[in-house]
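A short write-up of the structure that comes next.
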Number of protein chains: 2
Amino acid sequence: MTPEALERSKRWLGQSDLRPTRQRLALASLLVGDGQDRHVTAEGLHEAVLGTGDKVSLATVYNTLRAFCDAGLMQEVTVDGSRSYFDTRMDDHPHFYLEDDSHLTDAPAAELEIKALPSVPEGYEIAKVDVVIRLRKKG
Amino acid sequence: MTPEALERSKRWLGQSDLRPTRQRLALASLLVGDGQDRHVTAEGLHEAVLGTGDKVSLATVYNTLRAFCDAGLMQEVTVDGSRSYFDTRMDDHPHFYLEDDSHLTDAPAAELEIKALPSVPEGYEIAKVDVVIRLRKKG
DNA sequence: CTATGTGCAAATCTTTTGCAGGCTA
DNA sequence: TAGCCTGCAAAAGATTTGCACATAG
């Protein structure tokens with residue numbers, strides 16, 4: 001992990017009141033170390049962190065992702081019933097989901113224009129609008 | 001189950017090449033017996049069928065819902081990572097998801113207007129666009 | 001009669017939790 | 001030092017599967 005990635009990870013964690021432990025910094029540097037947005041599964045992030053040589057248990061990866069979400073640093077995206085995906089980008093934006101290889105990416109939000117939303121039932125308000133564009137390989 | 005519901009269930013099953021067994025007809029009549037669209041979970045449908053006095057095992061409910069989807073009679077909707085929802089309505093339409101009580105309903109499709117979709121990456125095509133409007137009780 | 005379908009229990013898979021020890025502030 | 005964290009193993013919950021029996025065509 002570069003000094004820059006470490007710095008970024010600390011700043012990111014610093015937005016919450018979570019302690020900057022070794023494990024959290026290791027995970028954070030993979031998530032936000034280069035300033036780019038990431039979409040990960042717990043399993044995938046666990047493999048990634050092991051790949052860097054750091055050792056973090058799978059349970060801690062799960063707990064940490066959950067803690068990051070609770071702290072408002074990430075959000076969970078539901079696209080596949082069998083796995084949870086976590087996104088470092090916090091605003092409400094559309095996703096592409098590549099069904100062939102179970103891969104989640106951001107769709108350019110600027111290009112999506114929703115002209116009218118269905119009217120919300122009495123007594124309710126919109127918490128979030130999820131738009132998932134499911135893609136498959138052409139041909 | 002009324003004769004009408006039975007008739008409707010048979011016609012519905014007849015669209016596929018699935019055999020109209022006692023269990024499938026029992027489930028189908030709960031799903032399409034009154035001609036209305038339904039959103040169910042396996043667990044919920046299982047309780048419902050037991051409530052009518054018919055006996056169908058939970059495993060069979062799971063297998064049957066899966067079979068109905070494979071046969072193109074229903075579709076799975078992914079709104080909650082921990083449970084699968086199944087929808088008898090087959091066209092591409094938006095959903096309301098009541099987060100407080102984990103309840104899924106159709107949103108009036110006519111009222112949703114998507115003016116522009118993000119441009120799809122080279123070599124891919126859109127399989128489906130899922131729009132889930134998550135609602136919470138106001139106040 | 002033969003291929004399908006069903007039920008049960010056990011297996012699988014993802015995610016959470018209890019608890020003992022470790023570490024941050 | 002006190003409280004938060006972590007790791008492990010076990011638990012939990014949803015869904016699938018193997019296999020023997022039942023049933024539709």
Side-chain angles (χ1 to χ4, degrees), chain A residues 6 9-10 12-30 39-50 52-71 73-86 102 104, chain B residues 6 9-30 39-50 53-71 73-86 102 104:
Chain A
L6 178 61
S9 301
K10 283 185 177 172
W12 187 67
L13 266 179
Q15 295 174 272
S16 72
D17 52 4
L18 295 172
R19 292 182 181 171
T21 64
R22 192 199 99 236
Q23 292 85 339
R24 286 175 180 168
L25 285 172
L27 297 177
S29 80
L30 291 172
H39 301 82
V40 301
T41 60
E43 192 73 48
L45 184 59
H46 186 232
E47 282 168 21
V49 77
L50 294 187
T52 69
D54 286 309
K55 205 162 69 63
V56 183
S57 79
L58 181 57
T60 294
V61 173
Y62 273 106
N63 292 337
T64 301
L65 284 171
R66 196 59 66 203
F68 286 173
C69 285
D70 291 345
L73 296 172
M74 305 183 71
Q75 61 177 145
E76 192 171 354
V77 184
T78 302
V79 286
D80 176 333
S82 66
R83 272 192 227 297
S84 289
Y85 284 78
F86 298 87
S102 302
L104 185 69
Chain B
L6 178 62
S9 302
K10 282 185 178 171
R11 265 201 312 272
W12 187 66
L13 266 179
Q15 296 174 275
S16 72
D17 52 4
L18 296 172
R19 292 181 182 171
T21 64
R22 192 199 98 238
Q23 292 84 340
R24 286 175 181 169
L25 286 172
L27 298 177
S29 79
L30 290 173
H39 300 82
V40 301
T41 59
E43 192 74 48
L45 184 59
H46 185 232
E47 282 167 22
V49 78
L50 293 188
D54 287 309
K55 206 163 67 62
V56 182
S57 78
L58 181 56
T60 294
V61 173
Y62 273 107
N63 292 336
T64 301
L65 284 171
R66 195 60 66 204
F68 287 173
C69 285
D70 290 347
L73 296 172
M74 306 182 71
Q75 61 177 146
E76 192 173 353
V77 184
T78 302
V79 287
D80 176 330
S82 65
R83 275 191 217 304
S84 289
Y85 285 78
F86 298 87
S102 302
L104 185 69

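The analysis underlying the following values was restricted to heavy atoms, covering all of them including side chains, and did not include hydrogens, waters or symmetry mates. Just so it is clear, the structure is predicted and the values come from calculations on it, not from any experiment. Order of the sequence lines sets the chain letters (A, B, ...), proteins ahead of strands, with each chain counted from 1.
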For this session: Please assess A:L25 against A:L6 for the test side-chain contact (heavy atoms from CB on, under 4.5 Å), listing each intermediate value before the final yes or no.
Result: CA-CA 7 Å; A:L25 285 172; A:L6 178 61; 4.2 Å; yes
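A:R22 contributes a side-chain N or O that, together with a main-chain N or O of A:K55, makes up a donor-acceptor pair within less than 3.5 Å. In terms of modelled atom types and a separation under 3.5 Å, the side chain of A:R24 and the main chain of A:R19 share a donor-acceptor contact.
Going from atom CG of A:D80 over to atom P of C:dT15 covers 9 Å, rounded to whole Å. Here D:dG18 presents its P atom at 11 Å from CG of B:N63, a figure rounded to the nearest Å. Rounded to whole Å, the distance from CG on A:L65 to P on D:dC5 is 15 Å. One atom, CG of B:L45, and another, P of D:dT15, lie 12 Å apart when rounded to the nearest Å. For the pair A:H46 NE2 and C:dT15 P, the interatomic distance rounds to 13 Å; values are reported in whole Å. Here the P atom of nucleotide D:dA14 and the CD atom of B:E76 are 15 Å apart, to the nearest Å. Put simply, CD on A:E43 is 11 Å from P on C:dC13, counting in whole angstrom units. Whole-Å rounding puts the A:Q23 CD to D:dC8 C1' distance at 13 Å.
Atom OG1 in B:T78 sits 10.5 Å away from atom CG in B:L104 (nearest 0.5 Å).
Nearest-nucleotide positions on DNA chain D for B:A59 and B:S82 put B:S82 closer to the 5' end. A residue-by-residue look at B:T21 and A:T60 shows that A:T60 has its nearest nucleotide of DNA chain D further toward the 5' end. In this structure, B:K55 and A:L58 both approach DNA chain C, and ranking their closest nucleotides by distance from the 5' end singles out B:K55.
Using a 4.0 Å cut-off, no side-chain N or O of B:R19 falls inside it from OP1 or OP2 of C:dT6. Using a 4.0 Å cut-off, no side-chain N or O of B:T64 falls inside it from OP1 or OP2 of C:dG5. A:Y62 has no side-chain polar atom (N or O) that falls below the 4.0 Å cut-off from OP1 or OP2 of C:dT16. Using a 4.0 Å cut-off, no side-chain N or O of A:R83 falls inside it from OP1 or OP2 of C:dT15. Residue B:R66 places none of its side-chain N or O atoms closer than 4.0 Å to OP1 or OP2 of D:dT15. For C:dT6, neither phosphate oxygen OP1 nor OP2 lies less than 4.0 angstrom from any side-chain nitrogen or oxygen of B:R22.
Partner of A:F68 under the ring-ring contact (aromatic ring centres under 6.0 Å, His included) criterion, chosen from A:F86, A:Y62, A:W12: A:W12.
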